[in-house]
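To start, the structure itself, in structure tokens.
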There are 4 protein chains.
Amino acid sequence: MVQSTEERVRSAALTLFAERGYHGTGIRHLADAAGLSSASLYHYMGTKEELLVAIMRSSLDGLLEAADELSATGDPGERLVALVQLHVRTHATAPEQTRVVDDEVNALSAEARAEVVALRDRYEGRWQEVLEEGVARGDFQVGSVAVVRRALLEMCSGVARWWTPAGELDLDALAAEYAALALRLVGASERHADGR
Amino acid sequence: MVQSTEERVRSAALTLFAERGYHGTGIRHLADAAGLSSASLYHYMGTKEELLVAIMRSSLDGLLEAADELSATGDPGERLVALVQLHVRTHATAPEQTRVVDDEVNALSAEARAEVVALRDRYEGRWQEVLEEGVARGDFQVGSVAVVRRALLEMCSGVARWWTPAGELDLDALAAEYAALALRLVGASERHADGR
Amino acid sequence: MVQSTEERVRSAALTLFAERGYHGTGIRHLADAAGLSSASLYHYMGTKEELLVAIMRSSLDGLLEAADELSATGDPGERLVALVQLHVRTHATAPEQTRVVDDEVNALSAEARAEVVALRDRYEGRWQEVLEEGVARGDFQVGSVAVVRRALLEMCSGVARWWTPAGELDLDALAAEYAALALRLVGASERHADGR
Amino acid sequence: MVQSTEERVRSAALTLFAERGYHGTGIRHLADAAGLSSASLYHYMGTKEELLVAIMRSSLDGLLEAADELSATGDPGERLVALVQLHVRTHATAPEQTRVVDDEVNALSAEARAEVVALRDRYEGRWQEVLEEGVARGDFQVGSVAVVRRALLEMCSGVARWWTPAGELDLDALAAEYAALALRLVGASERHADGR
DNA sequence: AATGAATGAGTTTTCATTCAT
DNA sequence: AATGAATGAAAACTCATTCAT
């Protein structure tokens with residue numbers, strides 16, 4: 001796979017931000033990892049913060065777009081399963097992106113944070129909608145939709161911190177397992193858990 | 001409440017590390033927040049990292065001690081509920097400590113990290129034991145104990161990121177809700193969910 | 001004489017380390033003397049200690065190389081005279097280098113010190129060899145070779161602390177005088193003292 | 001031997017200044033070595049520099065007083081031997097004092113340096129006198145009295161850098177050896193070398 | 001006599017960034 | 001496209017010293 005210099009910078013930043021955090025990563029780290037001088041780096045990026053924002057934006061954009069496709073069809077149970085599987089697969093296969101998004105929001109300045117948080121809120125809104133519809137139709141039984149939404153998302157995001165392809169579960173098994181857990185959490189029968 | 005200078009330093013560090021991250025918090029930030037000059041700060045602490053370790057250690061020690069008391073009595077369902085409530089209450093009422101423990105482990109040097117991770121692993125071991133026993137007795141039905149343990153812990157830790165006493169649920173309701181969710185996750189009946 | 005920035009840094013360090021000692025010379029001193037900001041200094045050097053080591057290494061390397069050439073030919077008396085003249089001329093004309101080498105070894109960290117001391121020991125080994133051979137051949141009469149070696153070296157190194165071209169003796173006279181003193185010290189006749 | 005606190009401070013300073021240099025020794029080092037807090041230290045000393053000056057002064061005073069006694073009697077050869085033996089014995093048995101005097105003069109401020117250098121010059125003046133008298137009487141044959149004086153002093157001071165009681169020569173042998181070397185240096189017969 | 005507390009100024013080194021080439 | 005050179009500001013931490021108790 002050929003990679004442009006800009007992509008090399010982006011992916012170096014991704015890895016380093018995920019490993020050491022935004023504040024723990026220096027411009028010279030980035031330059032070294034990208035095989036450039038620190039001055040050259042600035043040909044391919046704006047400020048360090050803009051680089052972070054770009055990473056977060058593209059990660060959230062991708063998730064949001066995929067979520068929009070999924071949310072179009074099916075009953076709430078099917079759509080919840082699809083959302084969970086999307087989320088879990090994404091966090092399992094792109095753990096660096098998702099960890100950066102999840103962990104470095106506080107490193108952003110106010111304006112940048114507002115933008116990123118807005119994206120994240122839109123994405124979480126999809127989950128909220130599915131849950132509300134499931135509850136409204138009597139498919140789900142939950143105490144508080146907002147609480148369950150948060151519990152679900154935290155639970156699923158966690159896979160970015162531990163899953164590896166070399167482990168006990170392969171990607172499909174992981175996704176199926178989490179879909180089943182999600183259905184239990186919302187008090188639905190498990191008939192949807194064989195998704196994807 | 002009278003507070004010694006040392007306590008002021010500790011609590012300033014706690015707040016700042018939680019808000020801005022370890023690497024995002026400078027010695028001057030700490031000094032300002034503690035009402036000291038940066039030189040005076042060093043009367044009350046060793047290095048910045050030692051301060052972080054001290055915070056993490058005391059947080060994990062407290063959790064571990066409490067978990068050890070709980071793990072002594074009851075059937076797996078009761079003990080799981082107790083663990084969940086302990087964890088959720090702790091994360092709800094001391095979100096700064098728990099967020100620092102959860103988020104800043106990577107900021108530690110190798111030796112310090114080893115110590116903190118060992119404590120964390122002992123604590124998570126308590127969860128693992130309860131889950132294994134519940135599965136062995138047929139009280140719980142789960143696909144993978146390790147996966148469910150992680151899912152549970154991530155889910156419960158998440159409350160440190162959003163719960164406030166001013167919100168929809170008070171502390172007792174929050175704890176009860178999460179206990180119920182946990183029992184669902186492990187495939188147990190909900191008869192234990194009225195704990196504490 | 002055109003001088004690169006790196007050379008300016010090196011020579012500023014040389015002068016300051018010789019005048020005020022390594023620990024007595026701050027990075028700001030160096031920067032001021034080199035006409036740079038303290039941040040810019042780090043374009044041209046590694047750490048302050050590496051700068052010191054580089055100075056010491058190049059000084060000792062030069063001396064050692066010259067000593068190796070001299071040690072090849074002649075009887076012990078001639079070779080001793082040559083060594084003394086080399087040493088005295090070097091210490092007279094490059095007093096800063098030699099004083100830094102002589103005075104700042106203790107400022108080095110363990111590893112750096114080991115390297116520098118090894119070089120110095122090799123150089124002093126050349127003196128030891130000449131003295132031993134002179135004693136073996138009956139050309140020199142000394143109580144203890146090791147003591148005389150030290151006495152000789154200290155005596156000769158001293159010129160770096162007082163000789164100036166404006167003084168009583170010019171360089172040739174200085175070298176001749178010390179050669180004569182050295183021959184007296186080792187109990188040789190003075191027939192070699194007209195060297196160089 | 002009972003030691004007052006002030007003496008403990010003085011001797012801790014002596015050891016540390018000799019080992020690490022004046023600029024390389026911090027007040028807290030001193031306090032630790034003296035078994036006091038850094039604040040308490042200031043009960044027993046003025047500034048750090050005054051402590052250094054006191055050490056230098058007492059060392060030089062002692063040497064000067066002893067030299068004055070010796071210079072009173074005997075012919076130049078005898079007096080030179082006596083001076084050499086005094087100097088060598090002092091440098092061998094009190095290497096810390098003498099090294100501090102020899103190495104840390106540059107660490108002093110202008111006024112303090114003037115005082116210490118004046119003492120040192122008076123002491124070296126005794127050597128100069130003996131040498132001049134020896135030359136005048138035809139007992140010594142030297143090219144330049146000033147050069148020989150410096151060579152002699154450097155040579156003899158060197159013992160503070162290497163002699164240990166556990167080594168090849170005991171103190172008397174060392175003194176005798178250096179007396180012999182000195183007589184050779186000044187071109188005298190060796191009949192005086194059996195002194196003390 | 002002794003020391004905790006305190007600090008302004010200092011230490012060495014790194015930061016993110018700019019700019020002329 | 002690429003980078004050496006450059007820097008003001010900041011990093012974590014230590015300095016020698018004072019002072020109230």
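Note that these values count all heavy atoms, side chains included, but never hydrogens, waters or copies made by symmetry. A note on names: the letters A, B, ... follow the listed sequences, proteins ahead of strands, and every chain is numbered from 1.
Put simply, CG on D/Leu41 is 17 Å from P on F/dC19, counting in whole angstrom units. Here the C1' atom of nucleotide F/dA10 and the CG atom of B/Leu30 are 15 Å apart, to the nearest Å. Rounded to whole Å, the distance from NE2 on B/His43 to C1' on E/dG8 is 14 Å. Look at CD1 on A/Ile27: it is 20 Å from P on F/dT7, rounded to the nearest Å. Between the P atom of F/dA11 and the CD atom of B/Glu49 lies a distance of 18 Å, rounded to the nearest Å. The CZ atom of A/Arg20 sits 14 Å away from the C1' atom of E/dC15 (whole-angstrom rounding). As rounded to whole Å, 10 Å separates atom P of E/dT18 from atom CD of A/Glu50. Taking atom OH of residue A/Tyr42 and atom P of nucleotide F/dT7, one finds them 18 Å apart after rounding to whole Å.
Atom CD of B/Glu65 sits in a sparse spot, with 12 or fewer heavy atoms from other residues, nucleotides or ligands closer than 6.0 Å.
Residue whose closest nucleotide on DNA chain E sits further toward the 5' end, between A/Gly46 and B/Ser38: B/Ser38. With the nearest nucleotide of DNA chain E identified for both A/Thr25 and A/Ala39, A/Thr25 has the one nearer the 5' end. When the nearest nucleotides of DNA chain F are assigned to B/Tyr22 and C/Gly35 by heavy-atom distance, the more 5′-ward of the two goes with C/Gly35.
Side-chain atoms of D/Lys48 come within 3.5 Å of backbone N or O of D/Thr25 as a donor-acceptor pair.
The side chain of B/Arg28 sits closest to F/dA12 out of F/dA12, F/dA6, E/dA6. When the nucleotides E/dC19, E/dT13, E/dA6 are ranked by their closest atom to the side chain of B/Thr5, E/dA6 comes out on top. When distances are taken from the side chain of B/Tyr44 to each of E/dT7, E/dC15, E/dA5, the shortest belongs to E/dA5. The side chain of B/Lys48 approaches F/dA12 more closely than any other nucleotide in the set F/dA16, F/dA12, E/dT17.
D/Tyr44 is listed as a side-chain neighbour of D/Leu36, based on a closest heavy-atom distance under 4.5 Å. Residues C/Glu96 and C/Phe17 have side chains not in contact (no heavy-atom distance under 4.5 Å, counting atoms from C-beta outward).
Residue D/Leu36 is classed as a sugar-phosphate contact, given heavy-atom separations below 4.0 Å to backbone atoms only.
Distances shorter than 4.0 Å separate none of the side-chain N or O atoms of A/Ser37 from OP1 or OP2 on F/dG4. Contact check, D/Ser40 against E/dA1: no side-chain N or O comes under 4.0 Å of OP1 or OP2.
Judged as a side chain to side chain donor-acceptor pair (under 3.5 Å), and not counting sequence neighbours, the contacts of B/Arg57 are B/Glu115.
Ionic pairing of B/Asp103 and B/Arg161 is present here: one or more N-O contacts between side-chain nitrogen and carboxylate oxygen are shorter than 4.0 angstrom.
E/dA6 is paired with F/dT17 under the Watson-Crick or G-U wobble criterion, all donor-acceptor distances under 3.5 Å. Base pairing analysis places E/dA1 opposite nothing; no Watson-Crick or G-U wobble pair with both distances below 3.5 Å involves it. With a cut-off of 3.5 Å on both pairing distances, the Watson-Crick or G-U wobble partner of F/dA9 is E/dT14.
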